[in-house]
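In this text the structure is predicted, and so the values were computed from the model without any measurement. For ligands, and for the atoms within them, numbers begin at 1 and follow the listed sequence.
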Amino acid sequence: MDRKSKSTNSSKVQKILEEFQKDLNEGITNIGILNDEDLYKTELEKVFVGNWNYMAHDTEIPNTGDYVLRYIGDDAFIVNRTDDGEVQVILDICPHRGASICRAEKGNSSHFRCPYHGWTFKNNGDLLGAPAYKEAYNGLDRKKWGLTHAPRVEIFHGFIFACLEENGPSLEESLGGMSWYLDMIFSLQDEGMEVLGEPQRYVIKSDWKIAAENFSGDDYHLMTLHKSTYDIGVMQIPLKENMKGYHIQAGNGHGVSFSIDLESEDPLFFFYPEEIVKTFNLDNLSEKQLELARGSRVCVGNIFPNISFLMLPLSPDPKNVPPTPLFTWRVWRPIGPGEIEVWNWFFMYKNTTEEFKRSSYRSAMSTFGIAGTFELDDPVPWEAMTKNAKGTFAKKNMKLNLQMGMNNIGSSKQVTDWSFPGIAYYPRFEEGNQRHFYKRYLDDMLKEK
Ligand code: FES
Ligand code: FE
């Protein structure tokens, strides 16, 4: 691209963003921010490089030598455990000529050998040698030609994150108030969580922001989009009752939403059966975390930019099987303008019976698995929105509404005596979490680099 068209594109991006910024103060967005090639490129550079990205879970690579292949935007990384037990995130590019060195999605290996000319690396990334080394490379400074590591890697309760910028906030700082809520979920058991099965992957023609804002706090869509699934009784909480709860802007663009009954006489704990609740070590939780967990029915959230999660009890077969809690954790990996590869993991607390894990997995697969009753619903409007964003007239003119719960629209109000982290609204007929998401999006996108 020549310099002139490059600067035309960046001023076009700037114009879209500045207009969006003005509109967002009024709770308005516009369809033009979706599915735009220039915005997408800027997002990869400004949003995904600078933030913490989820890569894998400790339990996916339990043994030394274990590895999985993962992605941040359009870059591929090997996430592995070295002989010292250390977790590394290594760019899957051979420094000789740039071929990919990892040819499987997962495995166990002490070394990686590039298929092109055979440069061979230890699994910590060091260059060990190459075919006909003496003749070909005698004198090469091998230390300089190892594999490239992600600049920063941090692990939170077994969840491995990487950041592609050397400097910036730590994972904990970046999670802000969200770390408190995640800590509440992950600390319920001393043993933490483990992955169930393989992550599911599938491609949909949706802008990543639509999925992220949906999980940050769009409980409202359940009443229409998921009504048919809901009506067959997959969950024991009536729809309107389920809207009783909080939307929490957890800082830095993160949003979390709880269906909750803080006054409940019986402890709820997401409806985990008593034998599972017995395995929880409630001393791990602060008094306030315990108060929240005790009244929780459903928790759904998005960690900015594109990591979403959901804990709730669902039944795979309402007439015959009671709802079982499940935990889905997903990444909306952008793979092009208006296109994502969905990565979907299911987790369960480690110290539970195989039978319980199986029933949680069954509930998860039948509802939020690739062919799940809920999972199939969402791409329909998401893809339509993404497609509509390409309309020549729509792109320029179509404004969208994000005003629920602001300026006395609707019934939701800010909870003035909220004693947990973040800013909360009650009930969940509210779109403040989405506005919070987009505010952070704009901060990143308008940042000088
Ligand atoms: Fe890897 Fe040549 S590109 S050895
Ligand atoms: Fe949905």
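- Checked against a 6.0 Å centroid threshold, the rings of F374 and F368 count as neighbours.
- The nearest heavy-atom contact from the protein to atom 2 (Fe) of ligand 1 is H117 ND1, 2.0 Å.
- Geometrically, R428 does not engage F258 in a cation-pi contact, judged by NZ or CZ lying under 6.0 Å from the ring centre and within 45° of the ring axis.
- Those atoms of ligand 1 that come under 4.0 Å of a heavy atom in G118, given as number and element, are 4 (S).
- Of all the atoms in ligand 1, the ones that sit under 4.0 Å from a non-hydrogen atom of C94 are 1 (Fe), 3 (S), 4 (S).
- Seen from the Fe ion (ligand 2), atom NE2 on H226 and atom NE2 on H221 lie at an angle near 90° (rounded to 10 degrees).
- For the ring pair (Phe, Tyr, Trp, His ring centres under 6.0 Å) with Y246, the qualifying choice from Y425, Y181, W418 is W418, the only one to do so.
- The atom name of the N/O/S atom in H96 closest to atom 2 (Fe) of ligand 1 is ND1.
- Note that R333 lies in the cation-pi zone of Y71, set by a 6.0 Å cut-off to the ring centre and a 45° limit from the axis.
- S259 and N242 are linked by a side-chain donor-acceptor pair at a separation below 3.5 angstrom, with hydrogens and angles left out of the test.
- Results of the ring pair (Phe, Tyr, Trp, His ring centres under 6.0 Å) test with F304 over W332, Y441, Y54, F437 single out F437 as the only residue that passes.
- Each of the atoms 3 (S) of ligand 1 lies under 4.0 Å from some heavy atom of R97.
- Distance check for D378 against the Fe ion (ligand 2): an N/O/S atom falls below 2.8 Å.
- Near W119, with a cut-off below 4.0 Å to any heavy atom, the atoms of ligand 1 are 4 (S).
- Judged by distance alone, the side chains of Y438 and E213 do bring a donor and an acceptor atom under 3.5 Å apart.
- The nearest N, O or S atom of C114 is closer to atom 1 (Fe) of ligand 1 than 2.8 Å.
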